[in-house]
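Everything below concerns the one structure shown next.
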Amino acid sequence: MTNLNGRYAIQLHDVSVFYGHKPAIQHVTMPVVSRKITAYIGPSGCGKSTLLRVMNRMNDLVPSARVSGEVLFHGQNLYGPEIDPVEVRRRVGMVFQKPNPFPKSIYDNVAYGPRLLGVRDRAALDQIVAQSLKQAALWDEVRHELKKSGLALSGGQQQRLCIARALAVEPEVILMDEPCSALDPISTQKIEELMRDLSRHYTIVIVTHNMQQAQRVSDYTAFISVRKEERPNEEYRWGELVEYGSTMELFAHPQQEETADHIAGRFG
Amino acid sequence: MTTDRDPVALAGRPLEELPATELARLLGEHTRKARLRVLVRDEILHVSEAIDTSLPVDNLLAGYAYPEALAVTSFAALTEQELVAILEVNLDQARLHDLVLAEVVGYKVVGSWPLLRSLTDRAGIEAEVAASETPNAELRFHSWINFDFLTSPMSSIPASAGVRAALLGTIYIMLITMAVAVPLGVGAAIYLEEYATPNALNNLIETNIRNLAGVPSIIYGILGLAIFVRAFGHLTSGAFVGVTDSNGRTIVSAAMTLALLVLPIVIINAQEAIRAVPWSIREASYGLGATRWQTVRRQVLPAALPGILTGTILSLSRAIGETAPLIVVGASAIIFTDPSGPFSKFTALPVQIWQWTARPQDQFRDLAAAAIIVLLVLLLSLNAAAILLRQRVSKRLS
Ligand SMILES: Nc1ncnc2c1ncn2[C@@H]1O[C@H](COP(=O)(O)OP(=O)(O)OP(=O)(O)O)[C@@H](O)[C@H]1O
Ligand SMILES: [Mg+2]
């Protein structure tokens, strides 16, 4: 990895995560390219979500989780002693697998982040809410009912509301953990278009189980696979990065047999 | 009920119509001196222990009204007329009327019948009354529970006794109990659920809270006696604000004891309510860069509020019926006056009920039954409030 300043939003260096004494993912070294979409693929339980959560320190909320290695964000280690995880999460936003709007109005959902940052001015909030909803391609559907509860929207709309909510704090990176897995094909298509759109301004990292989706939306793909080791009384299973490259390359000419098997749907 | 004398024959017209002076005169003519002294003690001084009758009137009745001419006379040397004069300047006509009824007319309830029989078997009861040996027996249908019962103070005459002091005592105690237990309990629940990491110490604390919720209430009473009445007596007696007669057996002591008693229940209920808030809401909040406190304050607490409120009101209804700890902490046996503040002596509804049931006379048991109904209504309305509140708050949230 040559030092192309600004080209990489995040660089992972030998990152491992343990839950208690059990490893979940080990020795991951790879970059996340700025203003591109990076997709993680891999079998269930290989630690994709865990790795994603490393990038905005959401793992801190799990008491047993322990992270080693370096996660560089603009050259700064996110796990350095002087880093405030709250600040990290403002700059690296997250969208979850299951849409999780707050039990509040659409407006209050989007305004939540800016309010945390101390924005009180009504006009400024109105402007942020409108802009975020437009960016998330939800504005036209909800512009006349901003007072309606976020929970009253359809699943696909809820997920776009969650994206709008994340955009409202103007993060640089958006992490999305299987954002379409709970949605119908049409909503999925809308969100995929939205991701393509957003990648002009934001760095996006997504986890997906859907090979077609990875090919449709992402610029870079990382394949993570499971390693096992028998220990007395228990079996350790953890994920390792098998292959990383541009999506086109990786799907057309996988370098590893394991990758080829996985994208062809042959599981060992 | 029976009477020793015919009330109308006494004054030639119904007693209720007599002015205070007339009633006082009747009382003086027909009551013995010793009894009049007791009446002065019970009705004016409101103390239940013996008084030093050798003291002069101005000393003994300091702070109360008395005819100026009697100021230096020793209490023991007062004549019937003089004692009655003291009663007359302190009591109103209604109270004097009650006293004449009880002391002169000898108005007594000798028997009472259950509600069902009074409604269905009036003839039978009348026959029983007619056949009884009691002279001057008279049958009256009287509802023990009415508005006067709520607003009259305690009295040694059952027919005019009420639950005012006990009801006010209960209300005062509950207010302070909740003011102490709710912030502490909800705070502890927030700490345990949102801040504490699951280590050995915190697990021990959690287990203990669960155990404490099952400790018999009398144990809390003993604890309250040791801590609030004895150890911190100088604070709970209100000596620092000039209250001297309470001995630490005050409304605050009782309220703090009940607060200890309901604290584990409040904590457990609040914990359940907080735990029921979906993890995904917290995740969403943290993901947007909220601090722990911001997440608790803006997401977790509002979502848990209906559950916390319901739990709190339910624990309040547990506390409201507690008797044993209050007796141990020192509820007063007989109280005639309203509680004057957090440092006054107290009694409470369940204590009053218990005391009335312990009296030998039947009528006090009728009073106890009436007081139980008051307590029951209070409880049911609290629970209804819990349900309404819960519905309102959860409607506002969704
Ligand atoms: N909070 C946690 N505590 C303990 N172990 C956990 C925790 N979260 C995940 N794990 C373990 O870490 C491993 C990786 O989990 P992770 O959720 O990252 O997998 P994943 O690749 O996202 O799987 P999926 O595709 O099914 O979402 C699993 O073995 C899981 O059991
Ligand atoms: Mg996952």
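Computed from heavy atoms alone, side chains included, the values below leave out hydrogens, waters and symmetry copies. Naming convention: chains lettered A, B, ... in sequence-line order (proteins, then strands); numbering from 1 in each chain.
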Checklist entry - Is it the side chain or the backbone of B:P198 that comes within 4.5 Å of chain A heavy atoms, both, or neither? => result side chain
Next on the checklist: Could you go through B:Q299 and A:Y112, starting from their C-alpha distance and side-chain angles, then the distance that decides it, and tell me whether this counts as side chain to side chain contact (heavy atoms under 4.5 Å, CB included)?
Outcome noted: CA-CA 10 Å; B:Q299 300 296 342; A:Y112 185 74; 3.0 Å; yes
Next on the checklist: Is it the case that over 12 heavy atoms from other parts of the model lie below 6.0 angstrom from the CZ atom of B:F232?
Outcome noted: no
Next on the checklist: So which atom in A:N100 and which in B:S280 form the shortest heavy-atom distance, rounded to 0.1 Å?
Outcome noted: ND2-O, 3.1 Å
Item to check | Top contributor to chain A interface from B:P278, B:G289, B:S285 [non-hydrogen pairs under 4.5 Å] | outcome: B:G289
Item to check | Minimal non-hydrogen separation, B:A284 against A:R165, with atom names | outcome: CB-NH2, 3.3 Å
Next on the checklist: Using every non-hydrogen atom in the two residues, find where B:R298 and A:K104 come nearest and quote the distance to one decimal.
Outcome noted: O-NZ, 3.9 Å
Item to check | Other residues, nucleotides, ligands: >12 heavy atoms within 6.0 Å of A:E170 CD | outcome: no
Next on the checklist: With a 4.5 angstrom heavy-atom cut-off, is it the side chain or the backbone of A:V86 that approaches chain B, or both, or neither?
Outcome noted: both
Next on the checklist: Could you report the tightest heavy-atom contact between A:L61 and B:Y286, atom names first, then the distance?
Outcome noted: CD1-CD1, 3.4 Å
Checklist entry - Which bit of B:R282 comes within less than 4.5 Å of chain A, counting heavy atoms only: side chain, backbone, both or neither? => result neither
Checklist entry - Around atom CZ of B:R210, are there more than 12 heavy atoms of other residues, nucleotides or ligands at under 6.0 Å? => result yes
Checklist entry - At their closest point, which heavy atom of B:L288 faces which heavy atom of A:A166, and how far apart are they? => result CD2-CA, 3.8 Å
Item to check | Which atoms of A:R53 approach chain B - backbone, side chain, both or neither, heavy atom under 4.5 Å | outcome: side chain
